[in-house]
Amino acid sequence: MKILIASDMEGITGVTNWDQVTPGHPEYVRFRKLMTGDVNAAVRGVFEAGANEVVVADGHWNGSNILIEELDLRARLNNGSPSLFSMMQGIDQNVDGVFFIGYHARQGSQEAVLDHTWSNTCVANVWLNDLIAGEYTLNAALAGHFNVPILMISGDQTVCAQTTEQIGALETAVVKQATGHFSADCLPPDVSQNLIEAAAQRATKNLMKKTAPKPFALKTPINVTVELNSSDMADKATLMPGVTREGLQLSFQADDMLKAYSAFRALVLMSYPR
Ligand SMILES: [Zn+2]
């Protein structure tokens with residue numbers, strides 16, 4: 001049994017501002033260590049439950065945040081950027097289940113630490129077949145393309161609630177109660193990481209008992225709409241073939257989630273300000 005741990009940083013234990021998750025800032029050094037700790041807790045839970053393979057995807061910023069020298073010896077790490085599947089690097093039909101560790105709520109959420117969707121610079125909103133999407137939606141739908149279910153999530157209470165509502169009855173580990181975009185009531189790592197480990201263990205056991213949520217597969221073809229933050233961004237992204245524009249909203253249709261995911265990423269990359 002093989003688990004992919006897809007990790008991000010904004011929903012890691014103790015994180016409440018961008019300095020803590022931005023390479024080059026002195027605070028970042030501490031929080032990389034905490035990110036590695038949250039991921040390791042999930043790895044422990046998986047192996048305690050009896051799975052035999054774990055691959056970790058480092059999905060924040062440049063994909064080089066987790067301290068490999070401190071990573072649980074039983075795991076492997078997909079590190080670096082860009083990679084074919086970005087936050088979900090390592091996903092394929094041989095993966096049995098996916099964990100989201102350190103995730104955050106979608107752009108525009110209340111009581112949600114560092115809520116955004118893919119790029120806080122460029123993206124205001126994303127819809128997949130009229131479903132408002134967070135990063136968890138995009139990544140769950142990509143896993144669904146390979147018929148792989150999402151089993152657990154860790155982050156603040158808001159991302160856990162949003163994901164459970166959209167994707168199904170995942171196991172959750174709430175490591176902080178967000179009170180705003182830049183504020184939360186945070187558990188210390190020794191406490192939050194025990195929660196993550198226990199949720200990871202339950203999630204893996206659910207899979208073994210066949211009581212885990214079903215894969216989150218979207219109906220194809222997939223209609224994608226991306227609302228950008230400004231018209232100069234929309235001007236640039238409109239150059240992409242097959243895209244129609246209405247104001248700041250750009251739409252396209254993709255045959256399947258694999259194509260939708262990569263076209264979405266390309267569109268956002270094109271839209272970045274110079
Ligand atoms: Zn991130």
Side-chain angles (χ1 to χ4, degrees), residues 4-25 27-42 56-68 71 77-91 98-109 111-126 133-143 150 152-160 162-163 173-176 178 180-184 186 192 196 226 229 261 264-265 268-269 271-272:
L4 172 66
I5 298 181
S7 62
D8 199 358
M9 200 163 187
E10 292 84 349
I12 290 298
T13 298
V15 169
T16 55
N17 66 57
W18 293 115
D19 292 349
Q20 295 162 339
V21 298
T22 302
H25 195 281
E27 277 286 278
Y28 169 73
V29 179
R30 291 173 55 217
F31 285 87
R32 302 179 74 170
K33 205 173 167 68
L34 287 165
M35 180 181 185
T36 310
D38 282 14
V39 166
N40 278 340
V56 177
D58 188 331
H60 177 73
W61 198 278
N62 56 3
S64 299
N65 309 282
I66 291 169
L67 299 169
I68 194 166
L71 186 66
L77 179 64
N78 279 320
N79 175 295
S81 173
S83 58
L84 191 54
F85 294 130
S86 185
M87 299 181 80
M88 291 291 282
Q89 184 64 13
I91 188 68
V98 173
F99 292 2
F100 291 155
I101 297 296
Y103 268 47
H104 54 81
R106 67 175 172 258
Q107 170 74 15
S109 304
E111 296 178 339
V113 169
L114 303 182
D115 58 297
H116 69 283
T117 303
W118 205 266
S119 160
N120 63 318
T121 307
C122 302
V123 177
N125 277 301
V126 180
E135 291 173 21
Y136 49 82
T137 321
L138 287 153
N139 294 338
L142 184 67
I150 310 304
M152 82 160 276
I153 182 158
S154 76
D156 65 26
Q157 82 281 17
T158 303
V159 71
C160 289
Q162 288 179 358
T163 311
V174 176
V175 303
K176 52 194 163 193
H181 184 71
F182 291 131
S183 62
C186 299
S192 65
I196 292 170
V226 185
N229 280 333
Y261 197 81
F264 165 75
R265 287 175 64 199
V268 176
L269 279 173
S271 73
Y272 265 92

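A quick note: this is a predicted structure, and the numbers were derived from the prediction, not measured. Every number for a ligand or one of its atoms is a count from 1 in the order of the listing.
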Between CZ on residue Phe100 and OG1 on residue Thr163, distance to nearest 0.5 Å
7.0 Å
Would Asp115 and His181 count as having a side-chain donor-acceptor pair, cut-off 3.5 Å?
yes
The Zn ion (ligand 1) -> Asp8, closest N, O or S atom is OD1
Rounded distance (nearest 0.5 Å) linking atom CG of Asp19 with atom NE2 of His25:
3.5 Å
Tell me yes or no: between the side chains of Ser119 and Tyr272, is some donor less than 3.5 Å from an acceptor?
yes
Can you tell me if, anywhere in Glu10, an N/O/S atom lies at a distance from the Zn ion (ligand 1) that is smaller than 2.8 Å?
yes
The Zn ion (ligand 1) - closest N/O/S atom in His60:
ND1
